[in-house]
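Take a look at the structure below.
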Amino acid sequence: MKVKSNTDGLKKLAKNAEAMSGTNQVKLKDLMTPKFISKCSNFNDIEHLFNESGFAVESKEDFEAIPDDKWNEFIVENTSFSSWEEMQKEAGAIYVKEQLFKNL
């Protein structure tokens, strides 16, 4: 009896993993998707979160100028996370999983 196997899914997974190898930069808006933000907070998306934070965030430099302790305090008070670092890690894990399994 011959056994046939379809390895298309495995090949796609390997291709997706290969595309993610090395050092990649992901834009914050791609990491903090509307789905993610609305699930962990009362905000619709990252822009809404920024607007309600009380900090003017129009650029990467604006965001980087926010005092870490003040930003972390805002995140703790307005999301389900205990720190900005925790929020980034969770968003990153979701992003990687989605990228690995896309088109499968």
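For the single chain, residues carry numbers from 1 onward in sequence order.
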Once rounded to the nearest 0.5 Å, what's the spacing between atom [atom1] of [X] and atom [atom2] of [Y]?
{"X": "I75", "Y": "S41", "atom1": "CD1", "atom2": "OG", "value": "8.0 Å"}
{"X": "M32", "Y": "M87", "atom1": "CE", "atom2": "CE", "value": "4.5 Å"}
{"X": "I94", "Y": "K89", "atom1": "CD1", "atom2": "NZ", "value": "14.5 Å"}
{"X": "E90", "Y": "C40", "atom1": "CD", "atom2": "SG", "value": "9.0 Å"}
{"X": "D45", "Y": "I37", "atom1": "CG", "atom2": "CD1", "value": "8.0 Å"}
{"X": "E73", "Y": "E77", "atom1": "CD", "atom2": "CD", "value": "4.5 Å"}

Inset, instruction - Please check if V76 and F81 belong to a single hydrophobic cluster, counting links between Ile, Leu, Val, Met, Phe, Trp and Tyr side chain heavy atoms closer than 4.5 Å. - result: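 Cluster IDs for V76 and F81 differ.
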State whether the side chain of [X] and the backbone N or O of [Y] hold a donor-acceptor pair below 3.5 Å, judged by distance alone.
{"X": "N78", "Y": "F74", "answer": "yes"}
{"X": "N72", "Y": "W84", "answer": "yes"}
{"X": "S38", "Y": "K35", "answer": "yes"}
{"X": "N51", "Y": "E47", "answer": "yes"}
{"X": "E86", "Y": "S82", "answer": "yes"}

Does [atom1] belonging to [X] count more than 12 external heavy atoms closer than 6.0 Å?
{"X": "D68", "atom1": "CG", "result": "no"}
{"X": "N42", "atom1": "CG", "result": "no"}
{"X": "E58", "atom1": "CD", "result": "no"}

Inset, instruction - Classify the angle between the aromatic ring planes of F50 and W71 as parallel (below 30°), tilted (30 to 60°) or perpendicular (above 60°). - result: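 The rings of F50 and W71 sit tilted, inter-plane angle from 30° to 60°.
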Legend entry - Side-chain ion pair, K102 and E98, N-O less than 4.0 Å: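 Answer for the salt bridge query: no.
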Inset, instruction - List the steps and the verdict of ring-ring contact (aromatic ring centres under 6.0 Å, His included) for F63 and F55. - result: CA-CA 8 Å; F63 181 70; F55 300 104; 9.2 Å; no
